Engineer: 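Attaching a single structure in structure tokens format; questions to follow.
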Amino acid sequence: MKAGGLPARWWLTEWATYLWAALGSSILMFGGLRLWHLKIGIPLYYSGDALATGAHFKTVLSQGWFEYEPQLGAPTGELYYDFPQADNFHLIAAKVLGLFSSQWPVVMNVYFLIGFPLTALAAVWFLRVVGVSRILSIVLAGVYAIAPYHFQRNEAQLYLASYYPIPLALVLLVWIFRGEPIWTRRSGVDRWWGIFTGRGAAVVLILALLGTASQYYSVFFLILLSFTGIVT
């Protein structure tokens, strides 16, 4: 039996690669952060910019969004309407996680921790696209997920610590550099299903994720995209 023109056994092995990368990065994260001491209801970091991040998460859970917090900034409350903020994806993630817990430290800790396996999964995809073997992809993805940068940014700069969109964006650059089409739909299936599951849909989702997850990474991507376009 084949799926997508490839044997089912190949797909099972490929998915196992992602599973091992996520599991390995989670184990490394557990040791690196000494999570045996973790109290999930207490923020992992509670100083510097982690206080501002925590305030945003708390406001999202209590008020629905981060732009207005009536319990701060007396007498009118804290207003963030004019604050330059475009990294909204992480706050959307906070709302989703808030469906399972109303405690902002729990939500912030969970989002920070799941960033490690998410980063490993994204890195595996990039490495497999460029032709790295499965075993080496697992190893390199684990190293990428627990890079010192991840721990240094931590919850104080949670949006930068959530750098899993970067490998996804690099895949787009690889496709462009190779001269591969990026707006194609999936062949061999219904027209509309092919559009929503094809490479073009993946490109839209990746660009939307990158554009809403980090202003910094988006700018760097545009610089690399310009360079790639010039080279090709």
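Please read these numbers as outputs of a predicted model, since none were measured by experiment.
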Engineer: My understanding is that only residues two or more places apart in sequence, or in another chain, count here; which of them pass side-chain contact (heavy atoms from CB on, under 4.5 Å) with L19?
Structural biologist: none
Engineer: Count the heavy atoms belonging to other residues, nucleotides or ligands that lie under 6.0 Å from CD1 of I135, then report whether that count exceeds 12.
Structural biologist: no
Engineer: Examine L61 and I40 and state if one hydrophobic cluster contains both, with Ile, Leu, Val, Met, Phe, Trp and Tyr joined whenever side-chain heavy atoms are less than 4.5 Å apart.
Structural biologist: yes
Engineer: So, does R134 use its side chain to make a donor-acceptor pair with the main chain of I138 at under 3.5 Å?
Structural biologist: no
Engineer: Who passes side-chain contact (heavy atoms from CB on, under 4.5 Å) against S214, sequence neighbours left out?
Structural biologist: L160, Y216, Y217
Engineer: Is the gap between the ring centers of Y144 and H150 under 6.0 Å?
Structural biologist: no
Engineer: Taking the six-membered ring for Trp, are W15 and Y18 parallel (under 30°), tilted (30 to 60°) or perpendicular (over 60°)?
Structural biologist: tilted
Engineer: Residues two or more places apart in sequence or in another chain: which of them pass side-chain contact (heavy atoms from CB on, under 4.5 Å) with L97?
Structural biologist: V107, V110, Y111
Engineer: Has R199 got its NZ or CZ under 6.0 Å from the middle of the six-membered ring of W175, at an angle within 45 degrees of the ring axis?
Structural biologist: yes
Engineer: Which value, rounded to the nearest 0.5 Å, describes the distance between F220 atom CZ and I166 atom CD1?
Structural biologist: 9.0 Å
Engineer: For I176, what residues pass the side-chain contact (heavy atoms from CB on, under 4.5 Å) criterion, not counting sequence neighbours?
Structural biologist: I182, L225, T228
Engineer: Would you please indicate yes or no on a ring centroid separation below 6.0 angstrom for Y149 and Y163?
Structural biologist: yes
Engineer: Pairs under 3.5 angstrom only: tabulate donor-acceptor contacts from the side chains of residues 42-54 to other protein residues two or more places apart or in another chain.
Structural biologist:
unit_1	atom_1	unit_2	atom_2	d
T53	OG1	D49	O	3.2
T53	OG1	E155	O	3.2

Engineer: Is the CZ atom of F151 crowded by more than 12 outside heavy atoms at less than 6.0 Å?
Structural biologist: yes
Engineer: Listed by chain and number, what are the side chain to side chain donor-acceptor pair (under 3.5 Å) partners of T59, not counting sequence neighbours?
Structural biologist: E69
